[in-house]
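Source: prediction; values computed, not measured.
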Amino acid sequence: MARFSLLSAILLHLVVVSMQQGDDETLDIRQRFGSSSVSMINDQIQREFNAMYLYESMASYFGRPSVGLPGFKKFLKKAANKERERAHKLIDYLNMRGGHVRLKPITPPSKFEWFSALDAAETALGAEKNITQELYRLRDRADMESDPHVTSIRDLRELIARLNKAGSGLGELIVDKELN
């Protein structure tokens with residue numbers, strides 16, 4: 001729960017303050033949002049998916065009939081879903097800002113069996129600490145320069161794209177009706 005609050009705060013913070021770097025493929029909605037920031041967020045997306053994969057592996061282990069710990073399975077499935085949701089929030093953020101999502105390979109867990117539930121919980125805690133530390137690093141990096149990004153730029157860009165696709169005349173009328 002605490003990490004969810006941290007991620008929400010970081011995403012909000014990134015909307016307000018972000019890196020200012022030039023980028024050769026800058027879009028109108030990508031004002032003062034450099035490739036370094038995009039790369040760091042893509043790396044964080046990979047970390048979130050890696051943690052999801054780890055928790056799915058752990059849930060599978062504890063769900064085996066020979067292990068038979070359904071409570072741990074349920075707990076770890078919930079943790080995996082939270083990691084996936086956080087990765088998708090970061091993906092949505094990159095899309096909103098005009099960045100390009102570059103999904104990287106998911107790294108398999110270093111082991112697939114645990115000596116005990118405590119062993120698995122300690123492994124999960126280590127993964128959570130690493131992810132949280134990297135989220136703090138991402139936030140600190142975004143603090144370096146301010147970027148008052150306004151979502152109205154994105155909204156107008158999307159409207160222009162829709163109008164270009166729809167064309168004038170009847171297309172404009174259809175888009176107008178959708179806006180009501």
Find the distance between [atom1] ([X]) and [atom2] ([Y]) and round it off to the nearest 0.5 Å.
| X | Y | atom1 | atom2 | result |
| --- | --- | --- | --- | --- |
| F75 | M58 | CZ | CE | 10.5 Å |
| L76 | N81 | CG | CG | 11.0 Å |
| S60 | K77 | OG | NZ | 8.0 Å |

Main-chain N/O of [Y] paired to [X] side chain as donor or acceptor, under 3.5 Å:
| X | Y | value |
| --- | --- | --- |
| Y61 | W114 | yes |
| T123 | D119 | yes |
| Q46 | I106 | no |
| N42 | V38 | yes |

- Message: With clusters defined by side-chain heavy atoms of hydrophobic residues (ILVMFWY) lying less than 4.5 Å apart, directly or transitively, does F112 cluster with F49?
- Response: no
Kindly give the heavy-atom pair with the smallest separation between [X] and [Y], and that separation in Å.
| X | Y | value |
| --- | --- | --- |
| G63 | K73 | CA-CD, 3.7 Å |
| L94 | H100 | CD1-O, 4.2 Å |
| A51 | I131 | CB-CD1, 3.3 Å |

- Message: Could you check whether Y55 and E128, counting side-chain N and O atoms only, form a donor-acceptor pair closer than 3.5 Å?
- Response: yes
- Message: Would you say N50 and R47 are linked by a side-chain donor-acceptor pair, where the criterion is simply a distance under 3.5 Å?
- Response: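 There is no such pair between these side chains.
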- Query: Under a 4.5 Å cut-off applied to non-hydrogen side-chain atoms, are D43 and L138 in contact?
  - Reply: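 Not in contact.
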- Are any non-hydrogen side-chain atoms of R137 and M40 less than 4.5 angstrom apart?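 Yes; the side chains approach each other to less than 4.5 Å.
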Around atom [atom1] of [X], are there more than 12 heavy atoms of other residues, nucleotides or ligands at under 6.0 Å?
| X | atom1 | answer |
| --- | --- | --- |
| K74 | NZ | no |
| K111 | NZ | yes |
| F62 | CZ | yes |

- Item | Steps toward salt bridge (Lys or Arg N to Asp or Glu O under 4.0 Å) verdict (E85, K82) | CA-CA 5 Å; E85 289 170 8; K82 286 181 181 179; over 6 Å; no
- Query: Does the distance from a Lys or Arg side-chain N to an Asp or Glu carboxylate O, for R64 and E113, drop under 4.0 Å?
  - Reply: yes
